[in-house]
Amino acid sequence: MSASSAKTISRPAFAAGRVLSCVAVQADVFLLRLALDDAARPQPGQFYMLRSRPSGVFLGRPISVYRAIAPTQPVCGDDSLELEFLILRRGAGTAELCAAAAGSVLELVGPLGNTFPRPAPDSAKAPGAPARIALVGGGIGVAPIAGFASTLAPGSYDVYAGFRSGAYGLDHVVPARLVLTSDDGSCGVRGRLPDVLDAARLRGAYAAVHACGPEPMLAWVQRICAEAGVPCWLSLEAPMACGAGACLGCTITTRDGNRRCCSDGPVFAGDSVVFDQAPLPAEPTQPRAAQQEPDLSTTVAGVRFANPFIAASGTFGYGSEYAPLVEVGRIGGICSKGLTLEARGGNAGPRLIETPSGIINSIGLENPGIPHFIEHELAAMLQLGPVCIANLSGSSLQSYVEGAQRLDASAVAMIELNISCPNVKQGGMSFGLDCQSASQVTHAVRAATSKPLMVKLSPNAPDVTAIAHAVRLAGADAVSLVNTFQAVSIDVESGRPLFRNVRAGLSGPAIRPIALRMVYDLALSMAALPPAERIPIVGLGGIASWRDAVEFIMAGATAVQIGTATFNNPRALTDCIDGLQAFMQRKGYRTIEDMRGLALPR
Ligand code: SIN
């Protein structure tokens, strides 16, 4: 058999489907029914890229067709079609699909991929050869298997289906034999498919096996079919962007070389697929005290925070602005808006624009000046409860030093030295782009204050890790990274740059993976130092959820800052606290240190 012997059958289209209904058939499994106009009828095994309209996710999700039916009462037109999908709710994209309301519209690209080959007619079989085929489905993988079954003659196949809990997707199958397993014993045999099926049961009993399910299950089907000498067809799944064969994101390794899961598959001859033998990474810390309340506290530069969440400078004012909207007292820390010795009016012209998944700002460090902050804002900020951090900026070495001296005499708990603001012509980021100037300003500020000193780094430096070590050696107690990425926006009507300074600072989820990479790189180099020489890393850059925060902590951050996300959800910080607490409880992590740096090589 060749890896691509099954062919793509119908021309895919980019279409809109009207939701007829979407109902739960099991916890987290939904049956979605759509009406499509002018649609090519999909074949069993094919799939569509499905996405809600509008949607919070960027890509469609590949979902196998469960059933395609011509409606009894046409709803759209002569060529209308009803499609049914079984969808497992496992992430943001599938959650949107599972929440689709009747009458809403979904985007579809499809039908895509190849199809299960039909069994050879009896006339083509050798005398005495088995006639029946076995269909094997694991979890949501039962959907294409059941769709295929509904096109076969009743009783010409057996079905083996394994579930975690409760069966679904089997309403339209009419097998000669139906064998079910469930992890919890809620249907069929308590256990897994290998408890009810093996090579001996396949040998001589089946003409072929068609299977769909999680990869370990398919690798097992491949093995027992090889042992039994029974051909098998496996329907695979892989993360993909286009579904059309262009992105090469879903490559499957086969004995004939790389094949695209979307357009060469998803159904492959079983003996052609080479399953990844790489062992899964070891499970991180196992639950040890799942019932115990986790301790979310963390210590940065000798300062204890009740939890690792700090409001990032410039996104939370001085804290009291958000007090009516958020339980501010629950937050670990608050970084003030960037402060300079003297008051600044900030930049003229447009200051803010939304981008896909973020914003670009050109505020220009508007602030009332450090003396005013100390006299008029600080007391209220301290009253709120979280650790109070003053973000210190300057236009010259001298202004940084004088600002630090003023703050040293105040009650702030920590100074965040800002050498990364991209929006000012003098000072700001220019101090943070090379090791010498970063070291010089840190050294000078260090000498001017005995407060814990955290230096906020720019991702626009050619080597942010090198800058971090330069400021560490110059006396920084911690580093926070990253500030905004230099970005440009152009007004297409005027043909002119939107911002007066042309360049401005990009933040938000769009920058998160790059910020995470920078934190990871720095943590890696920090881990190579003797423990006494290491300084803590506070991660920031597009963090919007507890899950994002955990990624930064697992990359080595001791705490995280949340900035732009607050503009999208004023309660982002407190939502993150709740989410982290539940996550730690579920995983049995007792402290932040239990998971800090887990993703670094050990
Ligand atoms: C600004 O005020 O322009 C932003 C501050 C910063 O990026 O540090």
Side-chain angles (χ1 to χ4, degrees), residues 310-318 321 334-355 358-370 372-373 377 389-396 399-400 403-404 407 414-433 437-438 441-442 445 453-461 464 467 471 479-489 497-508 510-512 514-515 518 538-543 561-567:
I310 302 169
S313 173
T315 64
F316 217 70
Y318 304 104
E321 292 86 338
I334 299 173
C335 288
S336 73
K337 170 65 191 159
L339 296 162
T340 49
L341 186 59
E342 271 114 32
R344 287 179 58 100
N347 290 339
R351 286 183 167 197
L352 195 90
I353 188 169
E354 182 174 333
T355 61
I359 57 171
I360 307 177
N361 91 79
S362 176
I363 309 299
L365 288 175
E366 175 172 345
N367 78 97
I370 291 173
H372 183 280
F373 164 73
E377 307 285 354
I389 304 168
N391 181 282
L392 167 65
S393 213
S395 51
S396 65
S399 67
Y400 271 113
L407 291 170
M414 190 185 260
I415 296 175
E416 181 176 55
L417 176 59
N418 183 350
I419 54 169
S420 45
C421 172
N423 299 328
V424 287
K425 293 217 169 79
Q426 281 184 325
M429 185 177 78
S430 63
F431 277 100
L433 294 184
S437 54
V441 66
T442 305
V445 167
L453 183 63
M454 172 160 77
V455 181
K456 186 168 182 178
L457 305 179
S458 171
N460 304 303
V464 68
I467 306 277
V471 302
V479 283
S480 51
L481 67 157
V482 294
N483 204 330
T484 53
F485 284 71
Q486 263 199 329
V488 169
S489 174
L498 180 79
F499 298 111
R500 298 271 169 94
N501 289 343
V502 182
R503 293 169 187 81
L506 173 69
S507 61
I511 68 168
R512 189 175 61 236
I514 315 176
M518 289 173 168
V538 174
L540 73 149
I543 298 174
Q561 295 185 11
I562 294 193
T564 304
T566 296
F567 301 145

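Counting starts at 1 for both ligands and their atoms, in listed order. Because the structure is predicted, anything quoted here is derived from the model rather than measured. Count residues from 1 along the sequence.
- For P422, no nitrogen or oxygen atom sits less than 3.5 Å from a nitrogen or oxygen atom of ligand 1, counting backbone and side chain alike.
- The contact set between ligand 1 and I363, taken as ligand atoms under 4.0 Å from a residue heavy atom, comprises 1 (C), 2 (O), 3 (O).
- Only the side chain of N361 comes within 4.0 Å of ligand 1, judged by heavy-atom distances.
- At a heavy-atom cutoff of 4.0 Å, ligand 1 is contacted by no atom of K456, backbone or side chain.
- At a heavy-atom cutoff of 4.0 Å, ligand 1 is contacted by no atom of N347, backbone or side chain.
- Looking at E416 and S480, their side chains do bring a donor and an acceptor atom within 3.5 Å of each other.
- Put simply, the side chain of S336 gets close to the backbone of N391: a donor and an acceptor are under 3.5 Å apart.
- Scanning both residues, G314 and F567, for their nearest heavy atoms gives O-CZ, 4.0 Å.
- The distance from ligand 1 to the heavy atoms of K337 drops below 4.0 Å at these ligand atoms: 1 (C), 2 (O), 4 (C), 5 (C).
- Polar contact check, S362 against ligand 1: no nitrogen or oxygen pair lies under 3.5 Å apart.
- Polar contact with ligand 1: present for N418 (N/O pair, distance under 3.5 Å).
- Checking side-chain atoms of Y318 against main-chain N and O of I334 turns up no donor-acceptor pair under 3.5 Å.
- At a 4.0 Å heavy-atom cut-off, ligand 1 does not touch N391 at all.
- The main-chain N or O of K456 is found under 3.5 Å from a side-chain atom of S420 such that the two form a donor-acceptor pair.
- Taking only nitrogen or oxygen atoms, main chain and side chain alike, E366 does not reach within less than 3.5 Å of ligand 1.
- Looking at N418, its side chain never comes within 3.5 Å of a backbone N or O of G338 through a donor-acceptor pair.
- At least one heavy atom of G364 lies less than 4.0 angstrom from ligand 1.
- Partner of N361 under the side-chain hydrogen bond (donor to acceptor under 3.5 Å, both in side chains) criterion, chosen from N423, T484, N347: N423.
- The heavy atom nearest to atom 3 (O) of ligand 1, out of those in N483, N501, N423, is found in N423.
- Not a single donor-acceptor pair under 3.5 Å links the side chain of R503 to the backbone N or O of P422.
- With N460 contributing its side chain and S458 its backbone, the two residues share no donor-acceptor pair below 3.5 Å.
- Annotation: atom 5 (C) of ligand 1 to nearest protein heavy atom, C421 SG, 3.6 Å.
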